[in-house]
Structure formats: C-alpha cells, structure tokens
A.B. asks: 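Questions regarding the structure given below will be posed in turn.
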Amino acid sequence: MSEKANAKAYWKENIRYLFILLLIWFLVSFGAGILFKDALNIIKIGGFKLGFWFAQQGSMYVFVILIFVYVRIMNKLDKKYGYDV
C-alpha cells in the first residue's frame, strides 16, 4: 500500500471512529438529558431523577470516558497503520 493510500485509509477510519464517539456523546447529553428525560425520570439515583442526573452529571462523565476510549482507539489505529513512534 502506498504512503498516500495508507494515510487516506487512516483518516477515513479515524473520522469514522470520531463520528461514532460524537454520536454516543450526543445521544447521552441531548437524548438522555432532554429528549428521554421523562422516561428516565421514573428511575432515581441517590434521590435524584435519572433524567436530571444525566442532564447535570452523566453527560460530563460519559464525555470524560469517551476521551479515554478515543485515546485507546487511536493508539491501536496508529499501530495498525504504522504511525506509532
């Protein structure tokens, strides 16, 4: 595989992973915190309704977790395409 084709495949896969992770973040922050709030409010965590918890805390926790997931995925992707130095 040529270096240009290798770089193109790398970025294509990188963008695909980025899109998936951003979609997860959107679904958690906007979906769970706003759209599905009423359905989630049936469940309580520590005395607070789950919809409220996702709107205030959960989306931030998920975002931080997604950062670590992205780092792990990118390390594997770098090794796969030979960009790990």
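This structure is a prediction, so every number in the text was calculated from the model and none was measured.
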A.B. asks: Is there side-chain contact between Val69 and Leu21, with at least one heavy-atom pair below 4.5 Å?
C.D. replies: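 SC-SC contact between Val69 and Leu21 confirmed.
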
A.B. asks: Only one of Leu77, Val71, Ile73 clears side-chain contact (heavy atoms from CB on, under 4.5 Å) with Asn75; which?
C.D. replies: Val71

A.B. asks: With side-chain contact (heavy atoms from CB on, under 4.5 Å) as the test, would you mind laying out the steps for Leu66 and Ile24 before giving the verdict?
C.D. replies: CA-CA 9 Å; Leu66 288 177; Ile24 291 169; 4.1 Å; yes

A.B. asks: Does one side chain, of Asn14 or Tyr70, offer a donor that lies under 3.5 Å from an acceptor on the other?
C.D. replies: yes

A.B. asks: Tyr83 vs Tyr10 aromatic rings, parallel, tilted or perpendicular, using cut-offs 30° and 60°?
C.D. replies: perpendicular

A.B. asks: In Å, rounded to the nearest 0.5 Å, how long is the span from CZ of Phe30 to CZ of Phe36?
C.D. replies: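 Going from the CZ atom of Phe30 to the CZ atom of Phe36 covers 9.5 Å.
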
A.B. asks: Please determine whether residues Ile34 and Leu23 belong to a single hydrophobic cluster, defined as Ile, Leu, Val, Met, Phe, Trp and Tyr linked transitively by side-chain heavy-atom distances below 4.5 Å.
C.D. replies: yes

A.B. asks: Assess whether atom CZ of Arg72 is packed by more than 12 heavy atoms of other residues, nucleotides or ligands within 6.0 Å.
C.D. replies: no

A.B. asks: State the CD1-CH2 distance between Ile67 and Trp25, to the nearest 0.5 angstrom.
C.D. replies: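 Spacing of CD1 (Ile67) from CH2 (Trp25) equals 9.0 Å.
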
A.B. asks: Do Ile45 and Met60 sit in the same hydrophobic cluster, where Ile, Leu, Val, Met, Phe, Trp and Tyr count as joined when their side-chain heavy atoms come under 4.5 Å apart?
C.D. replies: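 No.
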
A.B. asks: With a 4.5 Å cut-off on side-chain heavy atoms, are Trp53 and Tyr61 touching?
C.D. replies: yes

A.B. asks: According to a 4.5 Å side-chain heavy-atom criterion applied to Ile, Leu, Val, Met, Phe, Trp and Tyr, with indirect links allowed, do Phe48 and Leu50 form part of one hydrophobic cluster?
C.D. replies: no

A.B. asks: Between Glu13 and Lys80, does a side-chain contact (heavy atoms from CB on, under 4.5 Å) hold up when you go through it step by step?
C.D. replies: CA-CA 11 Å; Glu13 198 167 344; Lys80 179 180 176 181; 3.2 Å; yes

